[in-house]
There are 2 protein chains.
Amino acid sequence: MKHSHKRDAICEVLREKKDHPTADMIYERVRERYPEISLATVYRNLAQLCAEGELIKIGAGGKERYDIDTSLHTHFFCEACGDVYDVFSPLHLSGLANAESEIGCKINFAHITFRGRCKNCSAKEA
Amino acid sequence: MKHSHKRDAICEVLREKKDHPTADMIYERVRERYPEISLATVYRNLAQLCAEGELIKIGAGGKERYDIDTSLHTHFFCEACGDVYDVFSPLHLSGLANAESEIGCKINFAHITFRGRCKNCSAKEA
DNA sequence: TTTAAAAACGATAATCATTATCGTTTTTGT
DNA sequence: ACAAAAACGATAATGATTATCGTTTTTAAA
């Protein structure tokens with residue numbers, strides 16, 4: 001993988017605002033620095049960075065979202081506004097051994113996501 | 001919602017084989033009974049049944065899959081063959097209170113999915 | 001049991017996110 | 001500077017899903 005300014009800009013954008021943007025949100029943000037960038041370049045680089053393990057995709061039904069923090073953490077999806085928040089508090093899941101014996105195989109990974117209304121959306125409703 | 005034979009057939013197909021089929025898998029199966037059915041009818045009815053709470057969607061990145069068992073349970077996605085299995089063993093997640101205070105709002109729902117290799121795929125590799 | 005409005009249907013066009021193609025431009029090691 | 005490899009922009013293609021629209025079923029009341 002050669003060095004590329006556009007790819008750098010994509011990573012910077014992801015580091016600057018940790019709101020787990022979609023590909024087109026990233027495209028708009030990078031465009032402020034590189035107005036000539038193509039959406040294809042954004043997708044190409046996102047796929048590449050994911051393959052290298054430098055990014056993770058956090059799709060939840062609709063469009064894919066991207067997170068440059070690849071450390072183990074959980075995401076909270078606001079059902080009202082669609083925003084995604086990080087949760088770093090440690091969680092523990094028990095009952096895995098029984099689940100494994102039920103399906104007769106090893107569980108490699110348990111994926112957890114949360115849903116609810118974020119602080120902003122709860123405040124608006126009140 | 002009026003009664004419809006095609007919709008009945010879609011539900012039957014989902015009850016007969018609990019492999020969480022995709023829309024086009026359902027289309028193929030219903031076609032054996034109603035060769036004239038349209039894929040649009042399958043999608044229309046699946047959306048309708050989901051809206052009524054009679055089905056759940058269990059998308060995991062790629063195509064959506066559908067499950068007629070709406071009781072609380074977990075899914076295991078085989079990373080090798082893509083098949084989806086049910087897990088009914090009880091699970092318990094702790095650490096939610098800290099997670100809620102971290103993000104400052106109420107978590108309505110914690111969604112858990114498992115990944116690994118199913119029994120068949122593990123056997124093939126050995 | 002006709003009848004008429006509402007809902008469902010099939011065919012197919014449209015949408016939308018994402019991926020592939022291809023000719024040109026950058027990067028990088030020599 | 002040079003040339004191969006990688007990246008790029010523009011745009012076409014793909015694939016899943018949704019929308020449209022004219023026709024057919026369903027259903028409940030006349």
Side-chain angles (χ1 to χ4, degrees), chain A residues 1-14 19-68 75 77 81-84, chain B residues 1-14 19-68 75 77 81-84:
Chain A
M1 187 153 69
K2 289 188 180 172
H3 188 254
S4 122
H5 295 140
K6 310 286 167 68
R7 187 157 51 235
D8 287 350
I10 289 168
C11 290
E12 272 164 37
V13 153
L14 281 161
D19 61 345
H20 316 86
T22 59
D24 50 298
M25 287 163 78
I26 295 167
Y27 172 59
E28 290 304 334
R29 293 177 197 178
V30 175
R31 217 134 72 100
E32 289 168 18
R33 263 159 268 189
Y34 292 100
E36 77 285 8
I37 197 173
S38 160
L39 183 55
T41 298
V42 172
Y43 274 107
R44 197 184 316 112
N45 281 303
L46 288 172
Q48 217 162 164
L49 290 163
C50 283
E52 298 284 319
E54 294 184 44
L55 287 186
I56 52 172
K57 267 190 191 176
I58 52 171
K63 307 187 197 178
E64 293 289 349
R65 289 171 168 268
Y66 297 86
D67 191 348
I68 201 160
H75 293 108
F77 292 80
C81 65
D83 281 357
V84 182
Chain B
M1 187 155 65
K2 290 188 179 173
H3 189 254
S4 125
H5 296 140
K6 310 285 167 69
R7 187 157 50 236
D8 287 350
I10 288 168
C11 290
E12 273 163 37
V13 153
L14 281 161
D19 63 344
H20 316 87
T22 58
D24 50 297
M25 289 164 77
I26 296 167
Y27 172 61
E28 289 304 334
R29 292 177 197 178
V30 175
R31 217 133 74 100
E32 288 169 18
R33 263 160 267 189
Y34 293 100
E36 78 284 9
I37 197 174
S38 160
L39 182 56
T41 299
V42 173
Y43 274 107
R44 199 184 314 111
N45 281 303
L46 289 172
Q48 216 161 164
L49 290 162
C50 283
E52 298 285 319
E54 295 183 44
L55 288 187
I56 51 171
K57 266 190 192 175
I58 51 170
K63 308 187 198 181
E64 292 290 350
R65 290 171 167 270
Y66 297 86
D67 191 347
I68 201 160
H75 294 109
F77 292 80
C81 66
D83 281 358
V84 182

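A, B, ... follow the sequence lines: proteins, then strands. Residue 1 opens every chain. Because the structure is a prediction, the values reported are computed rather than measured.
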Ordered by number, residues from residues 21-52 of chain B within less than 4.0 Å of DNA chain C (heavy atoms) are B/Glu36, B/Ile37, B/Ser38, B/Ala40, B/Thr41, B/Arg44, B/Asn45, B/Gln48

Taking DNA chain C as the partner, which of residues 2-9 of chain A come within under 4.0 angstrom of it by heavy atom? A/Lys2, A/His3, A/His5

Here the distance between atom P of C/dA8 and atom CD1 of B/Ile10, to the nearest Å, is 12 Å

Any [X] side-chain heavy atom under 4.5 Å of [Y] side chain:
| X | Y | answer |
| --- | --- | --- |
| A/Val84 | A/Arg65 | yes |
| A/Leu49 | A/Glu52 | no |
| B/His75 | B/Asp67 | yes |
| B/Ile26 | B/Leu46 | yes |

Just do the salt bridge (charged side-chain N to carboxylate O under 4.0 Å, His left out) check on B/Glu36 and B/Arg31 with the steps written out, would you? CA-CA 7 Å; B/Glu36 78 284 9; B/Arg31 217 133 74 100; over 6 Å; no

For B/Tyr43, give me all partners under side-chain contact (heavy atoms from CB on, under 4.5 Å), at least two apart in sequence or on another chain. B/Ala23, B/Leu39

Only one of B/Arg29, B/Arg7, B/Arg33 passes side chain to side chain donor-acceptor pair (under 3.5 Å) with B/Glu12; say which it is. B/Arg33

May I ask you to check if B/Lys57 and B/Tyr66 form a cation-pi contact, with NZ or CZ under 6.0 angstrom from the six-membered ring centre and within 45° of the axis? no

